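Before any comments, here is the structure.
Since we're looking at a predicted model, the values are computed, not measured. Proteins get letters first, then strands, A, B, ... in listed order; numbering begins at 1 in each.
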Amino acid sequence: MRWTWFHRLASPPYLYALAARLTPWFAWPAALLILGGLYAGLVLAPPDYQQGEGFRIIYVHVPSAWMSLMVYVTMGVAAAVGLIWRMKVAHAVAASCAPIGASFTVAALVTGSLWGKPMWGTYWVWDPRLTSELILLFLYLGFMGLRAGFDDTQRADRSAALLAIVGMVNVPIIHYSVIWWNSLHQGPSVMRLGKPTMPPAMLVPLLVLLLGFTLFFAAVLLVRVRAEILQRERAARWIGETLRA
Amino acid sequence: MSAFLDMGGYAAFVWPAYLVTLAVLVLNIIWARKSLARALQAARRRTAAAGEDS
Amino acid sequence: MTPRQRRLGLVIGIVVGVSIAGTLALSAFRQNVTFFFDPSQVAGGQVPVGERFRLGGMVTKGTVQRAPGSLEVRFVVTDFAHDVPVSYSGVLPDLFREGAGVVAQGHLRADGTFVADEVLAKHDEKYMPPAVAKSLKIRHGEARSDPGS
């Protein structure tokens, strides 16, 4: 097996330059897909036969919820790689994920609450799905708080990484909560075995938004990783050389 | 147009939901760029100081 | 064993350990994380009279009665094995429908009526445009009466 690409990624100057070069390739498609997807969701998609126009909240709620989980998995994997291979840049990636994931978890909770009020009849219930998603927010906040609690970057990295890895257990719980338990939240419509439970006119804008949000995450992550690398490598000589170039 | 804004009576829920998500998207861009700008500024200050010393 | 392999083992060990602990805890608490009880559990006497709990099931078709001039509503919740009559006074959510899922919070009166102080609607994961729903209705002769979820 050829691991050279992996070892090259572990080099801060290489990753810094690569991140700078790749950012626009994610950012512009993300902008196009998100703007197009939101327009399609608000205007082109038909209303639902039960929920009418209120159904359109799905186009911001589901992508936000997807982000909250996908960013957490990225963070957990990066933390594990950092811990096992003692790779500093992997910890930088994990640290960069946390604020992004936390913000989209808030978006998922708020949009879900705004959807729940008219349809279910309540902003909030202590239902397995809602509760496990709230725990996800606390995991993100705990990760960031733990990092902030250490002056030593290396110790902060290792402790926070352990928390991120342990918290990974919550990810399948969130996804399967609606299947395992009696829940007020309905089952999955897209991320399920078999066909999605909506026609293409409703599904396509949602898929466009899911892709757009994912690319958005990549772009924001790359910018944050650069900032994180600059800060961690402040004593390194390559920074001065890169900035002068 | 007003029918569109009314969202079939769900305007009070649909528009805040879109607004919150849009705000999260925009804030993520602003925060990320700000943290990079801050890190670049600090790094430039350090390299400038190092240059004066030598 | 190199230090890296030891750390890999440690991380895998943590994930496996926490997953096992989590699975055990969840299966042990399975009963306690029940968000609602269904009419069969109520009929089976698993819920004490007078205590507050949530009742979940389908609203039986043709049983919704509204008292004119008030918010008083009566309907029957079923799981197709047992029925529980429910009385409620308040605003119903938009997705409250006959034949659709509902979760009510309240207590059981001695006469077997569930007195709800909160009624929430549970919907299924299916979405479709109104025109499609209408043509489906015509083709099947009846509105979707299947429980859905």
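- Heavy atoms of A:Leu243 lying under 4.5 Å from chain B belong exclusively to its side chain.
- Annotation: maximal heavy-atom pairing with chain B below 4.5 Å, among A:Ala107, A:Gly240, A:Ala227, occurs at A:Ala227.
- Applying the 6.0 Å contact sphere to CG of A:Asp152 captures more than 12 heavy atoms from other residues, nucleotides or ligands.
- Taking OG1 of B:Thr21 as the reference point, atom CG of A:Leu38 lies at 8.0 Å (rounded to 0.5 Å).
- Using a 4.5 Å cut-off between heavy atoms, B:Tyr10 contacts chain A through its side chain alone, with no backbone atom that close.
- Heavy atoms of A:Val110 lying under 4.5 Å from chain B belong exclusively to its side chain.
- Looking only at side-chain heavy atoms (C-beta outward), A:Phe55 and B:Val14 stay at 4.5 Å or farther from each other.
- In this structure, no portion of B:Leu27 lies under 4.5 Å from any heavy atom of chain A.
- Across A:Leu230, A:Leu42, A:Ile229, A:Ile57, the residue that shares the most heavy-atom pairs under 4.5 angstrom with chain B is A:Leu42.
- Of the two parts of A:Phe217, neither the backbone nor the side chain holds a non-hydrogen atom closer than 4.5 Å to a non-hydrogen atom of chain B.
- The number of heavy atoms from other shown groups lying within 6.0 Å of CH2 (A:Trp124) is above 12.
- When the shell of 6.0 Å around CH2 of A:Trp238 is examined, it contains more than 12 heavy atoms from other residues, nucleotides or ligands.
- Heavy atoms only, all atoms of each residue included: A:Lys117 and B:Phe13 are closest at CG-CE2, 3.6 Å.
- For A:Tyr39, the OH atom counts as loosely surrounded, since its 6.0 Å shell holds 12 or fewer non-hydrogen atoms of other residues, nucleotides or ligands.
- Residue pairs meeting the salt bridge (Lys or Arg N to Asp or Glu O under 4.0 Å) criterion with at least one member in residues 217-241 of chain A, sequence neighbours excluded: A:Lys88-A:Glu233, A:Asp157-A:Arg232, A:Glu228-A:Arg232, A:Arg237-A:Glu241.
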Please tabulate, for the side chains in residues 28-44 of chain B, all donor-acceptor contacts under 3.5 angstrom to protein atoms that are two or more places apart in sequence or on a different chain.
{"unit_1": "B:Asn28", "atom_1": "ND2", "unit_2": "A:Ser103", "atom_2": "OG", "d": "2.9"}
{"unit_1": "B:Asn28", "atom_1": "ND2", "unit_2": "B:Val24", "atom_2": "O", "d": "3.0"}
{"unit_1": "B:Ser35", "atom_1": "OG", "unit_2": "B:Ala32", "atom_2": "O", "d": "3.0"}

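- In this structure, CH2 on B:Trp15 lies 13.5 Å from CG on A:Leu114, to the nearest 0.5 angstrom.
- Only the side chain of A:Ile34 comes within contact range of chain B, judged by heavy atoms closer than 4.5 Å.
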